[in-house]
**Student:** 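One structure coming up, written as structure tokens, with questions to follow.
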Amino acid sequence: SLALASYYSYNLNHLTTRDLTGFITETPNFKIYDSVGNLNWEENGITYRSLGLSDPNPLAFLKRLYDGQFQDLNNSLNIRYTIFPGLYLKADIGYNLVYGNEVSKTPGASIDKYSTGLPYSYFALSDQKNWIIEPQIEYRKQLKEDKIELLIGNTLLGNINNSLTSTGTNYTNDLLLGSIGGAGNVTTSNTYSLYHYIAMFARINLIHREKYIFNLSGSRDGSSRYGRNRQFAEFGSLGAAWIFSKEHYSQRIPALSFGQ
């Protein structure tokens, strides 16, 4: 059998950069606009900033424009093949891509005119790639009173994250806020991370009379997050279980539906 699934989403966001409900407890009688309809920053010659108010006019955030574009692509492939009854070959393959492009503009009309601040913009690009491949081979055999299950598999996983952020300040014209080249000063930062993981694993289950279970598993894992000469390690486990609710005397207890 073969199953392929693909999912794509696109999100365009123009929300404000600040939740305005946070201002509902502010003083209610501040003048929001001045006499000519601009945002107001003072009353009777006393600036709101001199009173210790950092964001005295909440409507300033409505003039600060935000544009966020996000894309998400998710693909998966599942393969199942029966070599012969009891022996199965399967593989799970996945790939995911997330991309983001953000621009936040703070024009002069949204800045307290009694401050020394100038218009500024924030730009961000980000992309994240993830992929995984998991091939497995499984064997099942039903004997008279025993059931044997054997699984051997491999996991390959990769992750890449990359982001670039830039802040442009000291714009002289609000019309230039969408261009990083129009800023008087520019600061830029970049982050990049790469992760790889690989594992080989095997597991064997023996079930006797559907109530005695024995399990043995082991794996060898490798990760790029560990230092050189320490990236690989072996792990193993041994387990046993007894499903006592399968015993005849347990079945005579109505209050007991399952016990292990």
**Student:** Take atom CD in Glu210; do more than 12 heavy atoms of anything else shown fall under 6.0 Å from it?
**Tutor:**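 Open.
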**Student:** Could you state the interatomic distance from CG (Leu194) to CZ (Arg225), rounded to the nearest 0.5 Å?
**Tutor:**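 Leu194 atom CG to Arg225 atom CZ measures 10.5 Å (nearest 0.5 Å).
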**Student:** Considering non-hydrogen atoms only, spot the tightest contact between Pro107 and Lys105 and give its length.
**Tutor:**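 What the structure gives for the nearest pair is CD-O, 3.5 Å.
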**Student:** Hey, is CZ on Phe244 packed in by over 12 heavy atoms from elsewhere, all under 6.0 Å?
**Tutor:**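 More than 12 within 6.0 Å, yes.
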**Student:** Count the heavy atoms belonging to other residues, nucleotides or ligands that lie under 6.0 Å from CZ of Phe232, then report whether that count exceeds 12.
**Tutor:**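 Yes, CZ of Phe232 has more than 12 neighbouring heavy atoms, counting only those of other groups under 6.0 Å.
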**Student:** Is there a donor in the side chain of Asn161 and an acceptor in the side chain of Asn159, or the other way round, less than 3.5 Å apart?
**Tutor:**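 Asn161 vs Asn159: donor-acceptor pair found between side chains.
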**Student:** So which heavy atom on Gly158 is nearest to which on His196, and how close?
**Tutor:**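 Nearest pair, atom of Gly158 first, then His196: CA-CD2, 3.9 Å.
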**Student:** Check whether any side-chain N or O of Asn96 sits under 3.5 Å from a backbone N or O of Leu73 as a donor-acceptor pair, and report yes or no.
**Tutor:**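 The answer is yes, because a donor-acceptor pair under 3.5 Å joins these two groups.
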**Student:** Under the 3.5 angstrom rule, does the side chain of Asn154 hit a backbone N or O of Gln136 as a donor-acceptor pair?
**Tutor:**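 Looks like no, no N/O pair under 3.5 Å.
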**Student:** Roughly how far, to the nearest 0.5 Å, is the OG1 atom of Thr106 from the NZ atom of Lys63?
**Tutor:**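 Spacing of NZ (Lys63) from OG1 (Thr106) equals 13.0 Å.
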**Student:** Within a radius of less than 6.0 Å around NZ of Lys211, do more than 12 heavy atoms belonging to other residues, nucleotides or ligands occur?
**Tutor:**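 Enclosed: over 12 neighbouring heavy atoms sit under 6.0 Å from NZ of Lys211.
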**Student:** In Å and rounded to the nearest 0.5 Å, what is the CD1 to CG distance from Ile207 to Leu143?
**Tutor:**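 Result: 11.5 Å between the selected atoms.
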**Student:** Tell me if a side-chain donor or acceptor on Glu43 pairs with a main-chain N or O of Lys31 at a distance below 3.5 Å.
**Tutor:**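 Indeed, once roles are kept as given, a pair shorter than 3.5 Å links the two residues.
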**Student:** Sorted by first residue and then second, give each ring-ring contact (aromatic ring centres under 6.0 Å, His included) pair with at least one member in residues 53-77; sequence neighbours left out.
**Tutor:**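 Qualifying pairs, neighbours excluded: Phe23-Phe61.
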**Student:** State, with a plain yes or no, whether a side-chain heavy atom of Leu125 is found less than 4.5 Å away from one of Tyr99.
**Tutor:**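 A side-chain contact under 4.5 Å exists here.
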**Student:** So, does Ser110 use its side chain to make a donor-acceptor pair with the main chain of Arg64 at under 3.5 Å?
**Tutor:**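 Not confirmed, Ser110 side chain does not pair with Arg64 backbone.
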**Student:** Nearest heavy-atom pair of Ile111 and Gly117: which atoms, and what distance?
**Tutor:**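 Closest approach of Ile111 to Gly117, heavy atoms only: CG2-O, 3.9 Å.
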**Student:** Below 4.5 Å, heavy atoms only, C-beta onward: do Phe201 and Thr155 meet side chain to side chain?
**Tutor:**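 Result yes, sub-4.5 Å side-chain heavy-atom pair found.
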**Student:** Going by distance alone, is a donor N or O of one side chain under 3.5 Å from an acceptor N or O of the other, for Asn185 and Tyr120?
**Tutor:**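 No, Tyr120 and Asn185 have no side-chain donor paired with an acceptor closer than 3.5 Å.
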**Student:** How would you list, by chain and number, every residue that makes a side chain to side chain donor-acceptor pair (under 3.5 Å) with Asp92, sequence neighbours excluded?
**Tutor:**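 Counting only residues at least two positions away or on another chain, Asp92 forms a side chain to side chain donor-acceptor pair (under 3.5 Å) with Asn78, Arg80.
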**Student:** Quick one, Asp72 with Tyr7, criterion side chain to side chain donor-acceptor pair (under 3.5 Å). Give me CA distance, side-chain angles, the key distance, then yes/no.
**Tutor:** CA-CA 8 Å; Asp72 186 359; Tyr7 167 82; 5.5 Å; no
**Student:** Which heavy atom of Ala240 sits nearest a heavy atom of Phe214, and at what distance?
**Tutor:**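 Smallest heavy-atom distance, with atoms named: CB-CD2, 4.1 Å.
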**Student:** Indicate whether the side chain of Tyr122 and that of Glu102 have a donor and an acceptor atom separated by less than 3.5 Å.
**Tutor:**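 No, because no side-chain N or O of Tyr122 sits under 3.5 Å from a partner of the opposite role on Glu102.
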**Student:** Check whether Leu151 and Ile198 end up in the same hydrophobic cluster, where Ile, Leu, Val, Met, Phe, Trp and Tyr are linked by side-chain heavy atoms less than 4.5 Å apart.
**Tutor:**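 Different clusters: Leu151 never reaches Ile198 through Ile, Leu, Val, Met, Phe, Trp or Tyr contacts under 4.5 Å.
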**Student:** Check the hydrophobic clustering (I, L, V, M, F, W, Y; side-chain heavy atoms under 4.5 Å; chains of links allowed) and say if Leu238 and Ile152 are grouped together.
**Tutor:**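 Yes, because Leu238 and Ile152 connect within a single hydrophobic cluster, where side-chain heavy atoms sit under 4.5 Å apart.
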**Student:** Would you check if Leu156 and Trp131 make a side-chain contact, meaning some heavy-atom pair closer than 4.5 Å?
**Tutor:**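 A side-chain contact under 4.5 Å exists here.
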**Student:** For the pair Ser179 (side chain) and Leu176 (backbone), establish whether a donor and an acceptor sit closer than 3.5 Å, ignoring hydrogens and angles.
**Tutor:**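 No, Ser179 side chain to Leu176 backbone: no donor-acceptor pair under 3.5 Å.
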**Student:** For Ile32 and Pro58, which heavy atoms make the closest approach, and how far apart are they?
**Tutor:**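 Heavy atoms of Ile32 and Pro58 come nearest at CD1-CD, 4.4 Å.
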**Student:** Side chains of Glu138 and Leu150: does their closest heavy-atom pair fall under 4.5 Å?
**Tutor:**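 Not in contact.
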**Student:** Measure the spacing between OH of Tyr197 and OG of Ser224 and express it to the nearest 0.5 Å.
**Tutor:**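 The OH atom of Tyr197 sits 11.5 Å away from the OG atom of Ser224.
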**Student:** Main chain of Gly259, side chain of Ser245: is a donor-acceptor contact present, judged purely on distance under 3.5 Å?
**Tutor:**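 Indeed, once roles are kept as given, a pair shorter than 3.5 Å links the two residues.
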**Student:** Measure across Thr188 and Ser166 and return the closest heavy-atom pair with its distance rounded to 0.1 Å.
**Tutor:**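 That would be OG1-OG, 3.3 Å.
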